[in-house]
Amino acid sequence: MAQWQEVSEKSKLHPKPVGLVLQYGTAGFRTNADHLDHVMFRMGLLATLRSINTKAIIGVMVTASHNPEEDNGVKLIDPMGEMLTPAWEVYATQLANAEQDHLITVLKDLVQKESIDLTNQEAEVFVGRDTRSSSARLSDAVLDGVTALDGRSKDYGLVTTPQLHYMVCCCNTRGGYGKASVEGYYSKLSQAFIQLTKSAPNRTDDQKCLLVDGANGIGALKLREMEPYLQGALKVSLFCDGTGGKLNHQCGADFVKVQQNSPKGIVMKAGERCCSFDGDADRIVYYYSDDHGRFHLLDGDKIATLISTFLKELLTKAGLDLKIAVVQTAYANGSSTRYLEDTMKVIVRCAKTGVKHLHHVAQEFDIGVYFEANGHGTVLFSKAAEAKIQQLCDDSEGERQGAATLLKNSVDLINQTVGDAISDMLLIEAILAIKGMTVQQWDAIYTDLPNRQLKVKVSDRRVIDTKDAERKTVSPAGLQEAIDRLVERHQDGRSFVRPSGTEDVVRVYSEAATQESADALGHEVSLAVYRLAGGVGGEPKPLE
Ligand code: 16G
Ligand code: MG
């Protein structure tokens, strides 16, 4: 077939470094930008085949999220705006790693396995990119891949990852989810936000102020673009807006979460509400500094608690019997889980790390609030739940209708396709305004247990196998028993280990009643990993 010949020729313009092997990680490929040209071309091919296969538009986002500016990566988006289905992650890895003379065989295999009919089939791929200097040329490589298979493409240029997810969903629902343009996105979210905050008439100008760290990335750009649509309902002071500093460098959600400190260079007044986006604006964390200058982080767990509490109260007021659940990972602070289960009486589920896993579990409920502690999350509403909310808006009156309208506006404000820093930020701001809550009051809902995250280098992290949503290890032999014994010695102790999906390390998490105890437990468990799972380099040292 002539087409394969053409694909093969075009692929030579995007040569694969011989021997280079990359893995489709938790959320796509990610490595130094210099090694990704061939991967991008091939993901263009893959997205085109996926589009034919699903008879829908597929998205390709060029970004390495919270990673350094020098890196890049790619995330693929399935028809309803969700992440690429795991079965196709395998094809993605095979394609990315095929040597030039084997590429066509791999493609043909895929076509055969998925029974893809290449004749008279339309394909369309949406492409977007973040602000990295390498992103423009890499997204061109994606577009080349699409063209090589005669697919159509639409280049959205600079957009946040969640914006591209939104576009894909809008188009595949023929506008049902909204208008597939950045203006459509800004209008939909702004209108919902303005409607929601009308329920907080006593909101002062001070309460409208928010400091936003844009991680020197795409989120800053897009938030600035959106500001006019908000019509003054939120007064954003944007810093790390990309005009001076480097992407994700000493700023951004990941920096703040990991360092448990504010971005470098920002001046926060005591009690002032601040938030940080990550490099592609699909994560957010909040924080403030208290009267003694102490830093307080409000992470994904605190966000999930605030949102689920708000939604649950509205359901009660509206008299709607919908099943609401919060989905977390093993990293969720033990205090948050306890608060949600014991005080809020909501169902809590634990999923494996990685947004796709949480998303999947959240889909089992009428309303599924999912957040990773690192600040990636959103809320999913079942079709039936949305219909019931709409019906109540139309048919009821008084307090019930008021609550139903707030629910309806919340649905419109939330980007259900994926975690979205801008959408999450607006929802949080609206909730705080409606509840008349300060950031301190929000923080005081529960107190985090002190915790620690460490890394251990081992010769092969795959020797660690986990179960129970990564909360227990099944191999190597003896490791779980060792962890159990160590945990027992610490009050409120909890610890687990898992191989990272994005770095060549084993991650160790520990929490306990005091920071000293959490640190000691983390160190002891690191040593157990080092000894039982083939540690390399020097033994882990106790924390200073
Ligand atoms: C990816 C995931 C993130 C997860 C992280 C874990 C998405 C969009 N991103 O960044 O959710 O927390 O990986 O990294 O799914 P780790 O496996 O190295 O700990
Ligand atoms: Mg991200």
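Just follow the structure's listing: the first ligand is 1, and inside any ligand the first atom is 1. Hydrogens, waters and symmetry mates play no part in the numbers below; they use all other heavy atoms, side chains included. If you're wondering where the values come from, they're calculated on a predicted model, not measured in any experiment.
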Inset, instruction - Give the name of the N/O/S atom in Asp278 that lies closest to the Mg ion (ligand 2). - result: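 Within Asp278, restricted to N, O or S, the Mg ion (ligand 2) is closest to atom OD2.
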Legend entry - Proximal heteroatom of Asp280 relative to the Mg ion (ligand 2) (N/O/S):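 Nearest N/O/S atom: OD1.
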Legend entry - Ser135 side, atom OG; Arg129 side, atom CZ - distance, nearest 0.5 Å: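 The OG atom of Ser135 sits 7.5 Å away from the CZ atom of Arg129.
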Legend entry - salt_bridge(Lys246, Glu70) N-O dist < 4.0 Å: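 Between Glu70 and Lys246 there is a salt bridge, with a charged N closer than 4.0 Å to a carboxylate O.
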Legend entry - Lys/Arg-Asp/Glu bridge criterion (N-O < 4.0 Å) met for Glu69, Arg132: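 Not counted as a salt bridge, because no side-chain N and carboxylate O are separated by less than 4.0 Å.
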Legend entry - Part of Val418 within contact of ligand 1 (heavy atoms, under 4.0 Å):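 The answer is neither; Val418 stays 4.0 Å or more away.
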Legend entry - ligand 1-proximal atoms of Glu372, by part, heavy-atom distance under 4.0 Å: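 Side chain only.
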Inset, instruction - State if Lys356 counts as touching ligand 1 under the rule of any non-hydrogen atom under 4.0 Å. - result: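 False for this residue.
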Legend entry - Heavy atom of the protein closest to atom 6 (C) of ligand 1 (residue, atom name, distance):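 Here the closest protein heavy atom is Thr353 CG2, 3.6 Å.
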Inset, instruction - Looking only at protein heavy atoms, identify the closest one to atom 2 (C) of ligand 1 and say how far it is in Å. - result: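 Here the nearest protein heavy atom works out to Thr26 CG2, 3.9 Å.
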Inset, instruction - Within a distance under 4.0 Å of any heavy atom of Met83, pick out the atoms of ligand 1 and give their elements. - result: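 Answer, ordered by atom number: 8 (C).
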Inset, instruction - Look at the side chain of Asn216 and the backbone N and O of Gly244, then say whether any donor-acceptor pair between them is shorter than 3.5 Å. - result: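 No, Asn216 side chain to Gly244 backbone: no donor-acceptor pair under 3.5 Å.
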Inset, instruction - State whether the side chain of Thr93 and the backbone N or O of Glu89 hold a donor-acceptor pair below 3.5 Å, judged by distance alone. - result: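 Yes, because the side chain of Thr93 sits within donor-acceptor range (under 3.5 Å) of the backbone of Glu89.
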Inset, instruction - Scan Leu532, Asp504, Val529, Val536 and name whichever one has a side chain to side chain contact (heavy atoms under 4.5 Å, CB included) with Val458. - result: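 That would be Val529.
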